[in-house]
Asks: 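Please find one structure pasted underneath; my questions will follow.
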Amino acid sequence: MSTVEQQTQPQPNGAGIATIRVDNPATGATIGHIPNLDRDGVGELVARARAIQPSWEALGYDGRGAIMLEMRAWMSRNRDRIVETLCEENGKTWEDGLLAELLYNLDALGFWARKASKYLADEKVRPHSPFLFGNRLIERYRPHGVVGVIGPWNYPLNNNFGDAVPALMAGNTVVLKPSSLAPLTSLLIAEGLRESGLPEDVFLVATGSGDTGSALVDFADFVHFTGSTEIGKKVMARAAETLTPVSLELGGKDPMIVCADADVERAANSALFYSMQNGGQTCISVERVYVEEPIYEEFVGKVAAKARNLRQGVPRGPGSVEVGAVTYPEQAELIERHVRDAVEKGAKVLVGGARNDADGGIFFQPTVLRDVDHSMEIMTEETFGPTVPIMRVGDAEEAIRLANDSRYGLDSSVFTRDLEKGERLARRVQAGATCVNDCSTNYFALEVPFGGMKESGMGARHGPKGIQKYCQTQQIMVKRFAAKKEIYFFPYRRRVTKGLGRLLGLLYGRGRRGR
Ligand code: NDP
């Protein structure tokens, strides 16, 4: 959680710069201050990153990969410090820091270090056109230059440094703008990279507010943005002014469909865990559940009973609580508004339903709602809190229709014992990913691209596309047998042109037989 304070850091010229105060949302304690970089400050960072980029690229995949592996070892050695920082600035539990964030990054560092050279290898292509026979065609990837990564507060490690790793492995330098609500993990990462041998200026952190992010869009050669759909649209509009390419990972309203033949115990455990994990502040958390009529009562009963056993409070190390804090006051107000709106329209609160602020922290009780429908914001807008609204549906057809009745399309899930049916239903959900009998863990499938459909985003992270996007493609064509002159060069001659016309007729005039 953060607050901007003016004029608190004296500069050599006697002026002051604004700084941002960072608080622990679970306790209200101030845990740091960071500079609020202005436009010039961002410009300077990007210029430094641009100056060093060619030598970073020249280091090659092995050289860059070796540093990433050093960083992996550094992160593993410093895991308690990293997880502590994540918990303090975000209010998440130790387990959310360790298992959802640190683990992902340890794995991703090794993955990109190994795969970058394969995914970005030159592709030799055989020309299909008879007019290009004899030419050597190569498609190659070259880094954009300076990549601006703009990250959200809910995953200060995964959606910040985690998205910088493939950009770095592709040979770009990176300027990262973390959320002003949770910037300290990114600064710790910069320290780790220095100690792991990363050359100066290859990875720089531009701390600051939304304006700092906006300036980064102006200066960077490519922007990877993770955040809300609302700000994502602004980033895209701004990038259009400089024709800077962007990839956008935006909000979600992930549906979970539970069929009557599902393992109800597993489905209930999954609904609870994936809606409450990280306090529900995960882009791919379960935000709404559709359950077929025959098992609705059993499912709702199980989820409610399990939710009553959850412990919430200040995360104080491993095993202390299951649900941590809400990261900032406006987010708690939004959750409160969604629950109130649902109740006013007829939903019933089975567990929780109210704020739980204590000891200077911001908390919302783990909340289970039944009898919800699509007239309620909690079923249509991103809530981003520890809430699980459960709707009764007549059959899977209705569930699919409702799941797709959304402007979002990020992740989703289907629960059934019939795996073929599960896959069939999965193919009909309008979302960037669908899990059968699981949720969210597809984020760890680094081999396949993952990104949102509809207003959940554009582009993808992971898989070959997740690193190729950090590059421009360049086509190289080498003429191996070059005559002094081609037949179609100047001057044009009637006889030659007519001959070429006849050749076209021979090549392309055979209809279906000539395919
Ligand atoms: P925001 O969109 O509010 O902010 C994201 C980042 O953009 C922050 O660093 C923010 O800075 C910065 N920013 C704000 N205004 C601008 C601007 N005009 N130009 C450039 N940058 C700007 O998102 P949140 O931080 O609130 O993150 C939560 C959202 O992120 C949720 O909607 C969630 O679903 C989504 N998300 C999506 C993921 C995905 O993979 N699809 C993964 C994780 C989260 P500051 O914070 O300082 O204002």
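As the structure lists them, so they are numbered: ligands from 1, and atoms in each ligand from 1.
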Asks: Closer than 4.0 angstrom, basic N to acidic O: yes or no for R311 and E322?
Replies: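 Looking at E322 together with R311, the answer is yes, because their closest N to O distance falls below 4.0 Å.
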
Asks: Backbone, side chain, both or neither: what part of R461 comes under 4.0 angstrom of ligand 1, heavy atoms only?
Replies: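 Side chain only.
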
Asks: Taking the six-membered ring of F225 as reference, does the cationic atom of K177 (NZ for Lys, CZ for Arg) lie under 6.0 Å from its centre and within 45° of its axis?
Replies: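 No, a cation-pi geometry is absent between K177 and F225.
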
Asks: Looking at ligand 1, does any of its N/O atoms fall within less than 3.5 Å of an N/O of Y155?
Replies: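 No; the residue has no nitrogen or oxygen that sits under 3.5 Å from a nitrogen or oxygen of the ligand.
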
Asks: Which atoms of ligand 1 have any heavy atom of F225 under 4.0 Å away?
Replies: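 Counting atoms of ligand 1 from 1, those under 4.0 Å from F225 are 2 (O), 5 (C), 6 (C), 7 (O).
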
Asks: Would you mind checking which non-hydrogen protein atom is closest to atom 36 (N) of ligand 1, with the distance to 0.1 Å?
Replies: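 That would be C283 CB, 3.5 Å.
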
Asks: Could R427 and E423 be called an ion pair, given the rule that one side-chain N must be under 4.0 Å from one carboxylate O?
Replies: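 E423 and R427: salt-bridged.
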
Asks: Under 4.0 Å from any heavy atom of P178, which atoms of ligand 1 are there?
Replies: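 The atoms of ligand 1 under 4.0 Å from a heavy atom of P178 are 9 (O).
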
Asks: Should you measure from each heavy atom of S214, which atoms of ligand 1 turn up under 4.0 Å away?
Replies: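 Every atom of ligand 1 under 4.0 Å from some heavy atom of S214: 19 (N), 20 (C).
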
Asks: Any salt bridge linking K115 with E447? Criterion: basic side-chain nitrogen under 4.0 Å from a carboxylate oxygen.
Replies: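 Judged by the 4.0 Å cut-off on N to carboxylate O distance, K115 and E447 do not form a salt bridge.
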
Asks: Can R79 and E101 be counted as an ion pair, charged N to O under 4.0 angstrom?
Replies: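 Answer for the salt bridge query: no.
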
Asks: Considering only non-hydrogen protein atoms, determine which one is nearest to atom 21 (N) of ligand 1 and report residue, atom name and distance to 0.1 Å.
Replies: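 Sorting protein heavy atoms by distance from atom 21 (N) of ligand 1 puts G213 CA, 3.7 Å first.
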
Asks: Output yes when a side-chain donor or acceptor of T383 lies under 3.5 Å from a complementary backbone atom of G385, and no otherwise.
Replies: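 Not at all, since once roles are kept as given, no pair shorter than 3.5 Å links the two residues.
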
Asks: So is there a nitrogen or oxygen of S180 less than 3.5 Å from a nitrogen or oxygen in ligand 1?
Replies: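 Yes; the residue has a nitrogen or oxygen that sits under 3.5 Å from a nitrogen or oxygen of the ligand.
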
Asks: What protein heavy atom is closest to atom 35 (C) of ligand 1, reported as residue, atom name and distance in Å?
Replies: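 For atom 35 (C) of ligand 1, the nearest protein heavy atom is G227 O, 3.2 Å.
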
Asks: Between D373 and S375, do the side chains contain a donor N or O and an acceptor N or O under 3.5 Å apart?
Replies: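 There is such a pair (donor and acceptor under 3.5 Å, judged by atom type) between the side chains of S375 and D373.
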
Asks: Can you confirm, on distance only, whether ligand 1 has an N/O atom lying under 3.5 Å from any N/O atom belonging to L181?
Replies: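 No, since none of the N or O atoms of L181 sits under 3.5 Å from an N or O of ligand 1.
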
Asks: Identify the protein heavy atom lying closest to atom 46 (O) of ligand 1, giving its residue, its atom name and the separation to 0.1 Å.
Replies: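 Result for atom 46 (O) of ligand 1: S179 OG, 2.8 Å.
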
Asks: Could you say whether the N/O atoms of G151 and ligand 1 ever approach to under 3.5 Å?
Replies: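 Yes; the residue has a nitrogen or oxygen that sits under 3.5 Å from a nitrogen or oxygen of the ligand.
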
Asks: Indicate, as side chain, backbone, both or neither, the part of N154 found under 4.0 angstrom from ligand 1 when only non-hydrogen atoms are considered.
Replies: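 The part of N154 near ligand 1 is the side chain, not the backbone.
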
Asks: Is N159 close to ligand 1, meaning an N/O of one under 3.5 Å from an N/O of the other?
Replies: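 No, N159 has no N/O under 3.5 Å of an N/O on ligand 1.
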
Asks: I want to know if ligand 1 touches T229 in the polar sense, i.e. an N/O pair below 3.5 angstrom.
Replies: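 No - when backbone and side-chain N and O of T229 are compared with those of ligand 1, no distance drops under 3.5 Å.
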
